[in-house]
Amino acid sequence: MQVTRLTLICHARTVAQKLARFPMDEPVEMDWEVARGTRGAHFKSTARVLCGPELRTRQTAQLFAAQAQVVAALADYDVGRWHGQRIGDLQKTEPEVLERWLGDPNAAPHGGESVTQLCTRVADWLQTLTHTAGHVVAVTHPFVIRAALVQVMHCAPTAFNLIDIEPLSAVELRFNGRWRLRVQDVGADCERITP
């Protein structure tokens, strides 16, 4: 059986993340055009690069490859009317609604997706990769990566809010009959670092 290697990469930081705001379709904060292609050496040239449709994922994907295939399943979590809202403001204006959303993975009080719906969307996409041997690099969003981890680790959807994903962080998954989370050794990189 051939192995599917999936590297999930979170998009670069945006102003919305810095302000603890639910995102719109904003650009990344860094000068991605200057950094274009600088991170591609991390992967073999045979890796297939995918990204979500939002501007921030398309810009981040350009750090890794000149061409990335846009995949709708990698789109950010739909928070409906909360797009652009600060979480701190929602804690003041809609504390019960926000608490319900945080505590109930089936709740979508904002009019967008529930966490359960997001997890289902991501699980369906992961299933399509089980017949795709080789390396796939997917540049996407923290919420999508959380949903993938919940699926792979067979966690209850309530674990979704216990996972933090940093900008430009990567998670590696492997499929060889079942999905596995792979934690990589950074020892070789550490040996090159001088004190």
Side-chain angles (χ1 to χ4, degrees), residues 1-12 23 25 28 37 39-79 104-108 112-189:
M1 179 179 288
Q2 293 185 321
V3 175
T4 301
R5 177 181 172 199
L6 172 61
T7 304
L8 294 166
I9 299 175
C10 182
H11 63 75
D25 193 16
V28 296
R39 294 180 180 238
H42 293 292
F43 307 110
K44 292 182 181 176
S45 60
T46 56
R48 189 169 55 127
V49 179
L50 312 175
C51 67
E54 294 83 5
L55 181 59
R56 59 195 175 276
T57 55
R58 289 183 284 122
Q59 289 175 338
T60 303
Q62 297 247 341
L63 302 177
F64 299 92
Q67 296 290 330
Q69 178 186 348
V70 173
V71 175
L74 295 173
D76 203 358
Y77 177 54
D78 182 2
V79 293
D104 181 359
N106 294 309
E113 288 177 291
S114 69
V115 168
T116 301
Q117 289 170 318
L118 172 65
C119 288
T120 299
R121 170 167 52 102
V122 173
D124 291 345
W125 175 71
L126 285 171
Q127 182 60 36
T128 68
L129 296 179
T130 61
H131 305 291
T132 307
H135 188 190
V136 176
V137 175
V139 180
T140 188
H141 308 274
F143 283 122
V144 174
I145 296 172
R146 286 180 185 184
L149 290 173
V150 164
Q151 294 305 308
V152 169
M153 300 304 293
H154 302 284
C155 299
T158 52
F160 181 84
N161 289 318
L162 302 176
I163 303 168
D164 289 330
I165 307 292
E166 293 293 321
L168 288 175
S169 63
V171 171
E172 184 158 319
L173 305 174
R174 300 273 176 122
F175 184 83
N176 188 3
R178 71 174 64 187
W179 283 107
R180 297 171 103 52
L181 174 63
R182 184 178 180 103
V183 179
Q184 297 180 349
D185 176 14
V186 295
D189 292 335

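The figures that follow rest on heavy atoms only: side chains count, while hydrogens, waters and symmetry mates do not. Because the structure is a prediction, the values reported are computed rather than measured. In this chain, residues are counted from 1 in sequence order.
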Could you walk me through whether S114 and N106 satisfy the side chain to side chain donor-acceptor pair (under 3.5 Å) test, starting with their C-alpha distance in whole Å, then the side-chain angles of each, then the deciding distance to 0.1 Å, before giving a yes or no?
CA-CA 5 Å; S114 69; N106 294 309; 5.0 Å; no

D25: what forms a side-chain hydrogen bond (donor to acceptor under 3.5 Å, both in side chains) with it, not counting sequence neighbours?
none

For W125, enumerate each residue passing the ring pair (Phe, Tyr, Trp, His ring centres under 6.0 Å) test, keeping only those at least two apart in sequence or located in another chain.
none

Work out which heavy atom in A47 is nearest to a heavy atom in V137; give both atom names and the distance.
CB-CG2, 4.0 Å

Show every donor-acceptor pair shorter than 3.5 Å between a side-chain atom in residues 145-159 and any protein atom, with sequence neighbours excluded, or say none if there are none.
unit_1, atom_1, unit_2, atom_2, d
R146, NE, I163, O, 2.9
R146, NH1, N161, OD1, 3.3
R146, NH2, I163, O, 3.4

To the nearest 0.5 Å, tell me how far F160 CZ sits from T116 OG1.
10.0 Å

Between T132 and R48, does the side chain to side chain contact (heavy atoms under 4.5 Å, CB included) criterion hold? Intermediate values first, please.
CA-CA 11 Å; T132 307; R48 189 169 55 127; 3.5 Å; yes

Could you list the residues that satisfy side-chain hydrogen bond (donor to acceptor under 3.5 Å, both in side chains) with T7, not counting sequence neighbours?
H135

On a heavy-atom basis, which atom in G52 and which in T57 lie closest, and how many Å separate them?
O-OG1, 2.7 Å

Side chain to side chain donor-acceptor pair (under 3.5 Å) partners of residues 67-76, not counting sequence neighbours, each pair once:
R56-D76

Let me see the working for L74 and V122 under side chain to side chain contact (heavy atoms under 4.5 Å, CB included), right down to the final yes or no.
CA-CA 8 Å; L74 295 173; V122 173; over 6 Å; no

Interatomic distance, L173 atom CG to L6 atom CG [nearest 0.5 angstrom]
5.0 Å

Test side chain to side chain contact (heavy atoms under 4.5 Å, CB included) on F175 and V3 and set out the steps.
CA-CA 6 Å; F175 184 83; V3 175; over 6 Å; no

Checking D124 now: which residues fulfil side-chain contact (heavy atoms from CB on, under 4.5 Å) with it, not counting sequence neighbours?
T120

Tell me the salt bridge (Lys or Arg N to Asp or Glu O under 4.0 Å) pairs involving residues 157-168, sequence neighbours left out?
none

How would you list, by chain and number, every residue that makes a side-chain hydrogen bond (donor to acceptor under 3.5 Å, both in side chains) with E54, sequence neighbours excluded?
H141

Can you find a pair of side-chain heavy atoms, one from W179 and one from T130, that are under 4.5 Å apart?
yes

Shortest non-hydrogen contact between V70 and P53, atoms and distance
CG1-CA, 3.5 Å

Any chance you could lay out the side chain to side chain contact (heavy atoms under 4.5 Å, CB included) test for F64 and I9, step after step, and finish with the verdict?
CA-CA 10 Å; F64 299 92; I9 299 175; 3.7 Å; yes

For R174, salt bridge (Lys or Arg N to Asp or Glu O under 4.0 Å) partners two or more places apart:
E172

Qualifying residues under salt bridge (Lys or Arg N to Asp or Glu O under 4.0 Å), relative to R121, sequence neighbours excluded
E113

What heavy-atom pair brings V49 and A61 nearest, and what distance separates the two atoms?
CG1-CB, 4.4 Å

How far apart are the closest heavy atoms of T60 and C10, and which atoms are they?
CG2-O, 4.3 Å

Does T4 reach the main-chain N or O of G134 with its side chain, forming a donor-acceptor pair under 3.5 Å?
no

Side-chain contact, heavy-atom cut-off 4.5 Å: V115 with F143?
no

